[in-house]
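Reviewing the structure listed below.
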Amino acid sequence: MDNVRNGTQVFMFVFTGLTNDGRLIPFLFLFFLIVYIMTVIGNTGMIAIVKKTAKLNTPMYFFLSYLSLVDLIYSTVITPKMLSDLISSRRVISFNGCAIQFFFFAALAGTEIYILADMSYDRYVAICHPLHYASIMTNCKCFCLVFLAFFIGFIESYIQVNCVFRLQFCRSNLIDHFYCDVPPLLKLSCSDTLYCDLVTVYSVATCTIGSLSPILISYMFIFSTIIRMKSAEGKQKAFSTCSAHLICTSLFYISVFFTYLRPSSGYFDVQDKVACIFYTVLTPMLNPLVYSLRNQEVKRIIVQTVCHSTVVETILSVIRNRIYILSIMLKIQKVTHK
């Protein structure tokens, strides 16, 4: 453990990381490297498909493209540093670097849950008011909803950073985590943390109520409308358009609630890290995957894009040429052997 004397401000922090078990490190590094690569490919691909496909020029996919953008940056804030720390003997981060990492982590996490709320409102309008969908979900309104999500997320993050990183850290600089977050940082402070505790509770409560309330209210009306539908096919189609959003929202909220909305106890340290891995590393990878698998339109367009991709055609052409050359060589070998 790296300690500093009382009265001396900390200028850098040291992470305990995911594990100190040398046998697990190679496996974890390879696993999370693959997850991060899939996250980058999946979210970048989703953004590109939505932007370049005219059929996906709708509010639902507009929100989905920004969700993918947030997931892409959100994962990049945490995962590369986590990967480098796994293979590093000294897992350090500067004081300012820690503040920057937490600022973008908190801002993008807040933005994500508000975009999920925007998407639930979009589904409510599409299912409960289908005839007025185009007039309600205009381009200007969609842009304003996304801008508001980013604005609230970054403002709340700024308030937390301004509070936490004004504290004095003079006891220890060892963060029992793999990234900078409020709970482990407050444990290291030698200042009175009551005000920051209240700010954190207020921020989490505001984000939770401000985003979860419209989601729950929207789905109350959505399920009520679906139940009243007479056509079984209509019910299935309506529910299928919501299933991907429900899965992504549930994955994010369950892991966040497990981490933050429970009594603090050292017993849960390992579980905390597992939950944090889930919503900081795995969820950004799963979101585009879930939408690709649960949405028939997205799945069909991905298949068409891949099938008509010049890159794929080039690769297949090279493979065919290699197979053709190999077959000729085998025939020549047979002739020479005879």
Side-chain angles (χ1 to χ4, degrees), residues 1-40 71-109 157 160-191 193 196 200 255 259-260 264-285:
M1 179 182 293
D2 292 319
N3 293 320
V4 288
R5 296 178 182 177
N6 291 333
T8 304
Q9 175 68 8
V10 169
F11 292 101
M12 68 171 54
F13 294 103
V14 180
F15 295 124
T16 58
L18 289 176
T19 182
N20 290 317
D21 190 342
R23 295 170 297 179
L24 289 176
I25 288 175
F27 167 76
L28 291 176
F29 179 83
L30 182 62
F31 175 75
F32 288 120
L33 178 62
I34 294 172
V35 167
Y36 181 64
I37 292 172
M38 291 178 64
T39 300
V40 173
D71 280 334
L72 180 62
I73 305 173
Y74 177 64
S75 176
T76 302
V77 170
I78 302 296
T79 311
K81 175 62 178 170
M82 183 190 73
L83 289 171
S84 67
D85 286 344
L86 273 172
I87 57 176
S88 175
S89 59
R90 190 165 175 81
R91 305 156 179 168
V92 299
I93 188 171
S94 67
F95 184 87
N96 291 333
C98 186
I100 292 170
Q101 185 189 54
F102 174 72
F103 172 75
F104 283 102
F105 158 72
L108 294 167
S157 176
Q160 288 190 72
V161 168
N162 193 48
C163 176
V164 174
F165 288 90
R166 283 180 178 271
L167 298 173
Q168 291 293 314
F169 297 93
C170 52
R171 292 173 181 164
S172 170
N173 63 347
L174 184 66
I175 299 178
D176 188 18
H177 216 334
F178 59 92
Y179 68 92
C180 293
D181 199 4
V182 169
L185 282 169
L186 293 182
K187 290 180 182 179
L188 302 182
S189 177
C190 51
S191 304
T193 62
C196 282
T200 302
S255 54
T259 303
Y260 294 103
S264 178
S265 172
Y267 177 77
F268 289 95
D269 284 345
V270 176
Q271 288 90 329
D272 280 345
K273 290 183 180 181
V274 172
C276 289
I277 287 170
F278 203 85
Y279 73 82
T280 57
V281 181
L282 296 179
T283 300
M285 178 200 70

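Note that the structure is a prediction, hence the values are computed from the model and not measured. Counting from 1, the numbers follow the sequence of the chain as shown.
- Nearest heavy-atom pair across Leu186 and Thr193 is O-CG2, 3.9 Å.
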| task | Decide side chain to side chain contact (heavy atoms under 4.5 Å, CB included) for Gln101 and Ile78; before the verdict, give the C-alpha distance in whole Å, the side-chain angles of both, and the deciding distance to 0.1 Å. | result | CA-CA 8 Å; Gln101 185 189 54; Ile78 302 296; 4.2 Å; yes
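- Among residues two or more places apart in sequence or in another chain, the ring pair (Phe, Tyr, Trp, His ring centres under 6.0 Å) test is passed with Phe13 by Phe95, Phe169.
- Between Lys81 and Val92, the shortest heavy-atom distance links the atoms NZ-O, 2.6 Å.
- Aromatic rings of Phe105 and Tyr179 (six-membered ring for Trp) have centroids within the 6.0 Å cut-off, being under it.
- Residues Leu185 and Phe165 have side chains in contact (heavy-atom distance under 4.5 Å, counting atoms from C-beta outward).
- In this structure, Ile73 and Phe104 have side chains that are not in contact, with every pair of non-hydrogen atoms separated by 4.5 Å or more.
- The salt bridge (charged side-chain N to carboxylate O under 4.0 Å, His left out) analysis of residues 96-105, with sequence neighbours excluded, yields no pairs.
- Annotation: the span from Ile100 atom CD1 to Ser94 atom OG amounts to 7.0 Å, rounded to 0.5 Å.
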| query | Do Thr16 and His177 pass the side chain to side chain contact (heavy atoms under 4.5 Å, CB included) test, and can you show the C-alpha distance, the side-chain angles, and the key distance before you say yes or no? | reply | CA-CA 6 Å; Thr16 58; His177 216 334; 5.5 Å; no
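- Once rounded to the nearest 0.5 Å, the distance linking CZ of Arg90 with CG of Asp85 reads 11.5 Å.
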| query | Is there a side chain to side chain contact (heavy atoms under 4.5 Å, CB included) between Met12 and Ile93 once you walk through the steps? | reply | CA-CA 6 Å; Met12 68 171 54; Ile93 188 171; over 6 Å; no
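- Asn162 pairs by the side chain to side chain donor-acceptor pair (under 3.5 Å) definition with Arg166, not counting sequence neighbours.
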| message | side chain to side chain contact (heavy atoms under 4.5 Å, CB included), that's the test. Do Ile175 and Val14 meet it? Break it down for me. | response | CA-CA 6 Å; Ile175 299 178; Val14 180; over 6 Å; no
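- Phe15 places none of its side-chain heavy atoms less than 4.5 Å from the side chain of Met82.
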Atom pairs and distances, donor-acceptor, side-chain atoms in residues 29-39, under 3.5 Å, two or more places apart:
unit_1 : atom_1 : unit_2 : atom_2 : d
Tyr36  : OH     : Thr76  : OG1    : 3.0
Thr39  : OG1    : Val35  : O      : 2.7

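- Panel note: side chain Arg91, backbone Phe178; no donor-acceptor pair is recorded below 3.5 Å.
- A distance-only check finds no donor-acceptor pair linking the side chain of Ser75 to the backbone of Asp71 [under 3.5 Å].
- No side-chain heavy atom of Pro284 sits less than 4.5 Å from a side-chain heavy atom of Leu72.
- Residues satisfying the side chain to side chain donor-acceptor pair (under 3.5 Å) criterion with Ser189, sequence neighbours excluded, are absent altogether.
- Rounded to the nearest 0.5 angstrom, Leu24 CG and Leu86 CG are separated by 10.0 Å.
- Under the 3.5 Å distance criterion, the side-chain polar atoms of Ser172 are left unmatched by any main-chain donor or acceptor of Leu188.
- With sequence neighbours left out, Ser157 forms a side chain to side chain contact (heavy atoms under 4.5 Å, CB included) with Phe103, Ala106, Ala107, Val161.
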